[in-house]
Amino acid sequence: MNHDHDSNGYKKNSITLGGAVAMGTGVMIGAGIFALTGQIAELAGPLFPIAFIIGAIVTGFSSYSYIKMSNAWPSAGGIGMILQKCYGPGAVAAGAALLMALSMVIAESLVARTFATYLLRPFNIEGGPLVPVLAVGVILFAFLVNIAGNRSIGLFSMVMAAIKIGGIALFGIAALWSSGFEFAAASQDAVDFGPMGFVASVALAILAFKGFTTITNSGAEITDPNRNVGRAIMISIALCVVVYLLVAFGVGSSLTIDGIIAAKDYSLAEAAEPALGQVGFLLTVLLAIVATASAVLASVFAVSRMLAMLTDMKMIPHSHFGMSGPIQRHTLVYTVVIASFLAVFFDLSRIASLGAFFYLIMDMVVHWGVWRFRRTEIGASGVVILTALGFDAIVLVAFTAMKLQSDPAIVAYAALAILGVFLFERAYLSRWLAPQDGPGHS
């Protein structure tokens with residue numbers, strides 16, 4: 001089952017290790033920092049920087065299953081391939097793969113709304129109809145750039161990743177420096193966030209790192225994939241931890257927790273003003289706009305690729321709706337339509353919550369499948385895989401409990417959507433599991 005070429009323009013050895021790292025960090029840093037810092041602080045309280053560290057540890061354990069499977073079978077199918085190798089081409093594999101694709105689309109709309117929120121900050125506009133309008137605008141911009149072709153994306157994401165990492169790290173250092181390296185983020189109202197809130201915040205911190213899966217989805221194109229997929233994932237996560245911590249401490253040195261929560265959709269810009277003055281504020285806004293726009297671009301590319309791959313693998317139905325051209329162009333259109341819908345009808349915290357639910361369920365299905373069907377064949381440690389599964393379960397339970405208190409409707413939406421995805425795939429594929437020749441068949 002070789003999907004490594006060419007109906008969708010895949011090229012072996014077309015992405016270097018540096019390019020893969022740029023792609024991973026490009027997707028991660030847009031969502032993680034600008035969209036989620038305030039949301040995480042709202043749940044974790046003054047401990048929010050530590051939530052990023054725990055999120056990175058959980059993601060490190062999680063990435064083990066993906067790295068081991070990608071080393072054994074580097075594939076442009078990425079997560080679709082991993083799920084199919086574990087469960088066969090049935091509804092379980094297809095449903096989980098579709099959840100992954102949808103969680104990526106959700107991340108896109110999250111970052112697009114964040115782009116709009118930051119763009120409006122210098123004009124003191126908060127909320128209102130301009131946010132969804134601008135969010136849809138940046139998604140359409142990403143669509144047009146993606147149609148222009150693969151090479152422009154690779155170069156663009158490398159340049160953007162360098163600007164983002166450098167700029168955001170400078171922001172964090174400057175904010176800490178100006179505060180005399182003191183952490184202000186105690187709550188003035190002394191809200192008790194509690195251990196449950198902290199564990200729930202890790203669900204959103206995990207979202208800040210899940211961009212590593214973009215690297216898995218480009219496995220067949222990375223040079224020396226059996227070694228470099230794992231390396232690229234680990235380097236990306238490590239880079240992001242450093243950047244996120246600099247920002248978390250930078251924001252925390254400038255604002256109290258109450259201030260961060262009040263400005264949760266644009267906390268970096270809010271933190272920049274007292275620390276760095278008006279010029280710093282404007283530069284931070286500019287950096288946020290560049291970072292979020294490029295993250296939407298990288299994400300639209302990654303999702304359309306994944307949907308095209310799932311279509312190739314016969315895991316999702318496909319309709320041309322009268323469109324011409326290759327399948328990936330059609331999946332680009334689907335991606336942009338769904339992301340635009342979410343950006344218009346959901347606010348940032350609901351979009352983030354949906355993404356967390358979808359991603360954690362998909363991740364657990366991957367770990368269970370690798371542990372149950374493939375671990376001996378790929379030489380993976382059962383203990384590491386089960387630890388990753390346990391971490392996911394703990395975080396999911398805490399996050400669900402918190403959301404049932406604060407926003408029960410989003411839990412209902414997520415549960416219905418997840419159930420809908422699996423039932424839809426069951427109707428389409430007519431079997432839950434379809435092992436190729438039993439587990440172990442490659």
When rounded to the nearest 0.5 Å, the distance separating CG of Asp392 from OG1 of Thr59 is 8.5 Å
side-chain contact (heavy atoms from CB on, under 4.5 Å) between Glu126 and Arg121, worked out: CA-CA 7 Å; Glu126 210 174 314; Arg121 277 319 294 149; 4.0 Å; yes
For Ala339 and Ser109, work out which heavy atoms get closest and say how close. O-CB, 3.3 Å
With rounding to the nearest 0.5 Å, note down the distance linking CD1 in Ile168 to CD1 in Ile163. 11.0 Å
Straight-line distance of Ser63 OG to Ile233 CD1, nearest 0.5 Å: 6.0 Å
With no hydrogens and no angle check, is any side-chain donor or acceptor of Ser294 less than 3.5 Å from a backbone partner on Ala291? yes
A side-chain contact here means heavy atoms from C-beta on lying under 4.5 Å apart; do Leu268 and Phe171 qualify? yes
Out of curiosity, Leu282 CG to Glu273 CD, how far, rounded to the nearest 0.5 Å? 8.0 Å
Of all heavy-atom pairs between Gly167 and Leu287, which one has the smallest distance, and what is that distance? C-CD2, 3.4 Å
About how many Å separate CG of Leu102 and CD1 of Ile338, when rounded to the nearest 0.5 Å? 6.0 Å
Check whether Asn146 reaches the backbone of Ala142 with its side chain - one donor and one acceptor, N or O, closer than 3.5 Å. yes
Could you label the plane-to-plane angle of the Phe341 and Phe345 rings as parallel, tilted or perpendicular, counting under 30° as parallel and over 60° as perpendicular? tilted
One pair to check against side-chain contact (heavy atoms from CB on, under 4.5 Å): Leu43 and Met196. What are the steps and the verdict? CA-CA 9 Å; Leu43 290 173; Met196 181 74 90; over 6 Å; no
Output yes when a side-chain donor or acceptor of Asp347 lies under 3.5 Å from a complementary backbone atom of Arg350, and no otherwise. yes
To the nearest 0.5 angstrom, please state how far the CZ atom of Phe422 sits from the CD1 atom of Ile361. 7.5 Å
Which pair of heavy atoms, one from Gly55 and one from Ala205, lies closest together, and at what distance? CA-CB, 4.1 Å
Anything under 30° is parallel, anything over 60° is perpendicular, the rest tilted; go ahead and classify Tyr244 against Phe52. tilted
Suppose we screen for side chain to side chain contact (heavy atoms under 4.5 Å, CB included). Which residues come up paired with Ile54, at least two apart in sequence or across chains? Ile50, Val58, Phe198, Val202
Quick check: does any side chain N or O of Asn228 sit under 3.5 Å from a backbone N or O of Thr223, one acting as donor and the other as acceptor? yes
Do Ile206 and Phe391 have side-chain heavy atoms sitting under 4.5 Å apart? no
Side chain to side chain contact (heavy atoms under 4.5 Å, CB included) partner of Leu119, chosen from Val131, Leu134, Thr114, Leu130: Leu134
Is there side-chain contact between Thr311 and His330, with at least one heavy-atom pair below 4.5 Å? no
Taking the side chain as every heavy atom from C-beta outward, state whether Val303 and Tyr334 have any atom pair closer than 4.5 Å. no
Please check if the side chain of Arg113 supplies one atom and the backbone of Ala343 the other of a donor-acceptor pair under 3.5 Å. yes
Heavy atoms of Ala112 and Val138 approach each other most closely as CB-CG1, 3.7 Å
When you compare the side chain of Thr117 with that of Phe34, does any pair of heavy atoms fall below 4.5 Å? no
With side-chain contact (heavy atoms from CB on, under 4.5 Å) as the test, would you mind laying out the steps for Met28 and Ser236 before giving the verdict? CA-CA 9 Å; Met28 282 193 249; Ser236 296; 3.4 Å; yes
Closest heavy-atom pair and its distance - Ile40, Ser201: O-CB, 3.8 Å
Per side chain to side chain contact (heavy atoms under 4.5 Å, CB included), Phe399 is matched among Leu404, Leu204, Val199 by Leu204
What heavy-atom pair brings Ser267 and Leu255 nearest, and what distance separates the two atoms? O-CD1, 4.0 Å
Has Tyr266 got a side-chain atom pairing as donor or acceptor with Leu120's backbone, closer than 3.5 angstrom? no
Any side-chain heavy-atom pair of Phe143 and Ile139 under 4.5 Å: no
Between Phe115 and Val111, does a side-chain contact (heavy atoms from CB on, under 4.5 Å) hold up when you go through it step by step? CA-CA 6 Å; Phe115 165 85; Val111 179; 5.7 Å; no
Reference residue Tyr66; test side chain to side chain donor-acceptor pair (under 3.5 Å); the match among Asn71, Thr213, Asp363: Asp363
Quick check: does any side chain N or O of Ser254 sit under 3.5 Å from a backbone N or O of Val251, one acting as donor and the other as acceptor? no
Between Val370 and Met69, is there a side-chain heavy-atom distance shorter than 4.5 Å? yes
